[in-house]
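See structure below.
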There are 2 protein chains.
Amino acid sequence: MTTKAELTSQYILEIVAPIFNKNGYAATSLSDVTKATGLTKGAIYGNFKNKEDLAIASFVFTVKNMLKRIGEHLLNSDSPIEKLYLITDFYRNYYDYSKELGGCPVLNIGVDANNQNSLLLQKVRQVIERIQDQVTTIVEEGIEAGEISAEINALYFARRLDTMIQGAIFMTYTMDDDFYIQDTMDLIDRMIDNELKI
Amino acid sequence: MTTKAELTSQYILEIVAPIFNKNGYAATSLSDVTKATGLTKGAIYGNFKNKEDLAIASFVFTVKNMLKRIGEHLLNSDSPIEKLYLITDFYRNYYDYSKELGGCPVLNIGVDANNQNSLLLQKVRQVIERIQDQVTTIVEEGIEAGEISAEINALYFARRLDTMIQGAIFMTYTMDDDFYIQDTMDLIDRMIDNELKI
DNA sequence: CCATAAATATACCGATTGGTATATTAAATA
DNA sequence: TATTTAATATACCAATCGGTATATTTATGG
């Protein structure tokens with residue numbers, strides 16, 4: 001059964017996670033939190049140990065949303081190579097989608113936590129490694145299935161994919177121009193065509 | 001002649017710019033500033049209008065350092081195509097170098113200022129556009145000189161270069177792993193070899 | 001060397017910070 | 001419905017925030 005506190009915790013995260021994601025840790029105050037939720041400090045501190053705990057829970061909350069969404073999108077095909085195309089396809093809509101979350105959590109919190117909050121930074125690294133692991137697995141399955149050239153280093157490709165996508169997200173957000181994401185996805189698609197596909 | 005205040009302003013920026021770059025605007029307090037410089041608020045506010053003014057001056061200071069350094073590196077060749085290789089060559093040492101500045105100012109302040117400080121964000125955009133303009137010009141000169149294929153869209157290439165480099169910087173800093181920068185520079189070099197070079 | 005101006009230090013302001021102890025209210029159980 | 005417990009609100013804390021007015025020191029030009 002779900003207690004009232006669990007519902008409240010969930011409600012707080014829904015409201016607060018985009019704020020932390022947008023503003024960063026230091027720029028988000030507890031009065032921002034209470035104002036946005038309409039709750040008092042009593043309710044916040046009853047459900048979260050402290051500000052840091054709330055920030056970490058917020059990051060995890062946002063990432064879960066994101067990973068769930070991309071996971072669902074990848075169900076649209078069983079073919080590994082098609083799954084790679086589905087990844088770029090997913091990110092073609094990422095600017096609009098991620099705006100609802102307050103931006104890309106990996107980029108925002110990754111930069112924000114660097115040199116600031118080692119616990120948060122640790123969480124970001126875990127997420128990045130997890131994403132790269134999943135892409136690596138897809139490529140390896142593609143090689144086994146004979147869809148992808150066996151000469152491809154799956155992990156290296158996963159890292160490159162991730163690096164290019166993060167760069168595109170940063171540029172699109174900073175310049176407020178979706179061109180960067182669209183063009184980068186075109187480029188990645190061509191890389192898959194020319195270098196991976198058998 | 002250089003007044004004492006000008007020397008002090010310069011001194012403050014040297015000390016404070018890396019702090020703002022590392023921590024971001026909100027996470028840098030005036031007591032951080034006075035503590036690091038050994039000066040008092042009187043000296044700080046005598047030389048800078050307010051915290052925002054100091055943050056902007058800090059960003060400009062860091063970027064000037066960076067652009068000067070890369071500009072000097074590009075003097076090592078007159079050939080446009082060689083200048084492109086010199087860009088990747090410069091970024092191969094970027095992790096160590098930029099650490100002294102407190103990180104990549106474009107990445108850090110770009111993310112930090114998004115949804116926070118529109119004046120700072122404006123400055124970041126100007127820097128990005130300026131860098132892209134310079135790369136665009138190099139490519140166009142390469143085309144004119146017959147070193148680079150005329151089919152290349154110079155601006156698009158400049159944007160791609162920038163996007164990939166920023167992604168690599170983000171990944172290298174977040175994962176504390178220079179692999180991402182080195183691998184991305186390899187990739188860009190290959191792109192120049194295969195797609196630009198005649 | 002003195003008068004003036006420039007530069008920096010000091011002391012203070014109200015507002016806000018994250019956090020807590022306690023009072024109050026809402027929910028669950030018997 | 002009475003009692004207990006869970007959940008939230010209130011009121012407060014010392015510390016720190018960015019900023020300013022004024023006092024003091026340092027540099028400069030006559």
Side-chain angles (χ1 to χ4, degrees), chain A residues 1-59 61 109 112-113 115-121, chain B residues 1-59 61 109 112-113 115-121:
Chain A
M1 110 173 202
T2 47
T3 67
K4 193 173 183 217
E6 282 172 327
L7 285 172
T8 306
S9 293
Q10 196 69 9
Y11 166 76
I12 292 172
L13 289 179
E14 278 168 19
I15 305 287
V16 167
I19 300 177
F20 269 110
N21 195 10
K22 253 189 270 185
N23 302 349
Y25 182 76
T28 303
S29 69
L30 266 132
S31 71
D32 290 334
V33 169
T34 55
K35 210 172 290 172
T37 55
L39 295 169
T40 59
K41 285 195 193 181
I44 306 298
Y45 277 87
N47 289 285
F48 298 93
K49 205 175 84 197
N50 50 31
K51 188 186 171 186
E52 188 188 23
D53 187 39
L54 178 57
I56 291 173
S58 293
F59 173 73
F61 178 86
I109 309 300
D112 189 62
N115 292 300
Q116 295 282 121
N117 189 309
S118 56
L119 255 165
L120 261 175
L121 181 60
Chain B
M1 108 173 203
T2 47
T3 66
K4 191 166 184 229
E6 283 171 328
L7 285 173
T8 307
S9 293
Q10 197 69 7
Y11 166 76
I12 292 171
L13 289 179
E14 278 169 19
I15 305 286
V16 167
I19 300 177
F20 269 110
N21 194 11
K22 256 189 270 186
N23 302 347
Y25 182 77
T28 303
S29 69
L30 266 132
S31 71
D32 290 335
V33 170
T34 55
K35 210 173 290 175
T37 56
L39 295 169
T40 60
K41 284 195 192 180
I44 306 297
Y45 276 88
N47 289 284
F48 298 93
K49 204 176 84 198
N50 50 31
K51 188 187 171 186
E52 188 187 23
D53 186 41
L54 179 58
I56 291 174
S58 293
F59 174 72
F61 177 87
I109 309 301
D112 189 63
N115 292 298
Q116 294 283 120
N117 189 309
S118 57
L119 255 166
L120 262 175
L121 181 60

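Here is how names work: the chains are called A, B, and so on, in the same order as the sequence lines, proteins then strands, and each is numbered from 1.
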Quickly work out the [X] [atom1] to [N] [atom2] distance and round it to whole Å.
{"X": "K49(A)", "N": "dT20(C)", "atom1": "NZ", "atom2": "C1'", "result": "15 Å"}
{"X": "L30(A)", "N": "dT20(C)", "atom1": "CG", "atom2": "P", "result": "11 Å"}
{"X": "L7(A)", "N": "dA26(C)", "atom1": "CG", "atom2": "P", "result": "17 Å"}
{"X": "I44(A)", "N": "dT17(C)", "atom1": "CD1", "atom2": "P", "result": "14 Å"}
{"X": "D53(B)", "N": "dT20(D)", "atom1": "CG", "atom2": "P", "result": "12 Å"}
{"X": "K51(B)", "N": "dT20(D)", "atom1": "NZ", "atom2": "P", "result": "14 Å"}
{"X": "F20(B)", "N": "dG18(D)", "atom1": "CZ", "atom2": "C1'", "result": "11 Å"}
{"X": "L54(B)", "N": "dG19(D)", "atom1": "CG", "atom2": "P", "result": "10 Å"}

(request) Would you mind reading off the bend of the helix from dC1(C)-dG30(D) to dA30(C)-dT1(D) from its two end axes, five pairs each, to 10 degrees? (result)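 What I find for the helix from dC1(C)-dG30(D) to dA30(C)-dT1(D) is an axis angle of 10°.
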Heavy atoms, side chains only, cut-off 4.5 Å: are [X] and [Y] in contact?
{"X": "L13(B)", "Y": "L54(B)", "answer": "yes"}
{"X": "N117(B)", "Y": "L121(B)", "answer": "no"}
{"X": "F61(A)", "Y": "V16(A)", "answer": "no"}
{"X": "F20(B)", "Y": "D112(B)", "answer": "no"}

(request) Return each pair, listed once, that meets side-chain hydrogen bond (donor to acceptor under 3.5 Å, both in side chains) where at least one residue sits in residues 28-37 of chain A; pairs must be two or more places apart or across chains. (result)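 Those involving residues 28-37 of chain A are S29(A)-S31(A), S29(A)-D32(A).
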Minimum heavy-atom separation for [X] to [Y], with atom names?
{"X": "A27(B)", "Y": "A26(A)", "result": "CB-CB, 3.6 Å"}
{"X": "A57(A)", "Y": "F48(A)", "result": "CB-CE2, 3.8 Å"}
{"X": "L39(A)", "Y": "A43(A)", "result": "CB-CB, 4.0 Å"}
{"X": "A113(A)", "Y": "L120(A)", "result": "CB-CB, 3.8 Å"}

(message) For a quick check of understanding: with a heavy-atom distance under 4.0 Å over all strands, which category does T37(A) fall into, base, sugar-phosphate or nothing?
(response)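 No contact.
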(message) Among dT20(C), dA7(C), dA9(D), which nucleotide has an atom closest to any side-chain atom of T8(B)?
(response)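 Closest nucleotide to the T8(B) side chain: dA7(C).
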(request) Just compare dT8(D), dT20(D), dT20(C) and give me whichever is closest to any side-chain atom of Y45(B). (result)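 The nucleotide sitting nearest to the side chain is dT20(D).
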Could you write out each protein N or O paired with an N or O of nucleotides 11-15 of chain D at a distance under 3.5 Å?
none

(message) Judged by each residue's nearest nucleotide on DNA chain C, which is more toward the 5′ side, S29(A) or G46(B)?
(response)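 Nearest nucleotide further toward 5': that of G46(B).
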(request) Using a cut-off of strictly less than 4.0 Å, decide whether N47(A) has a side-chain nitrogen or oxygen near OP1 or OP2 of dT8(D). (result)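 The answer is yes; a side-chain N or O of N47(A) sits under 4.0 Å from OP1 or OP2.
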(request) Determine: side-chain N/O of S31(B) to OP1/OP2 of dC17(D), distance under 4.0 Å, yes or no. (result)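 For dC17(D), OP1 or OP2 has a side-chain N or O of S31(B) closer than 4.0 Å.
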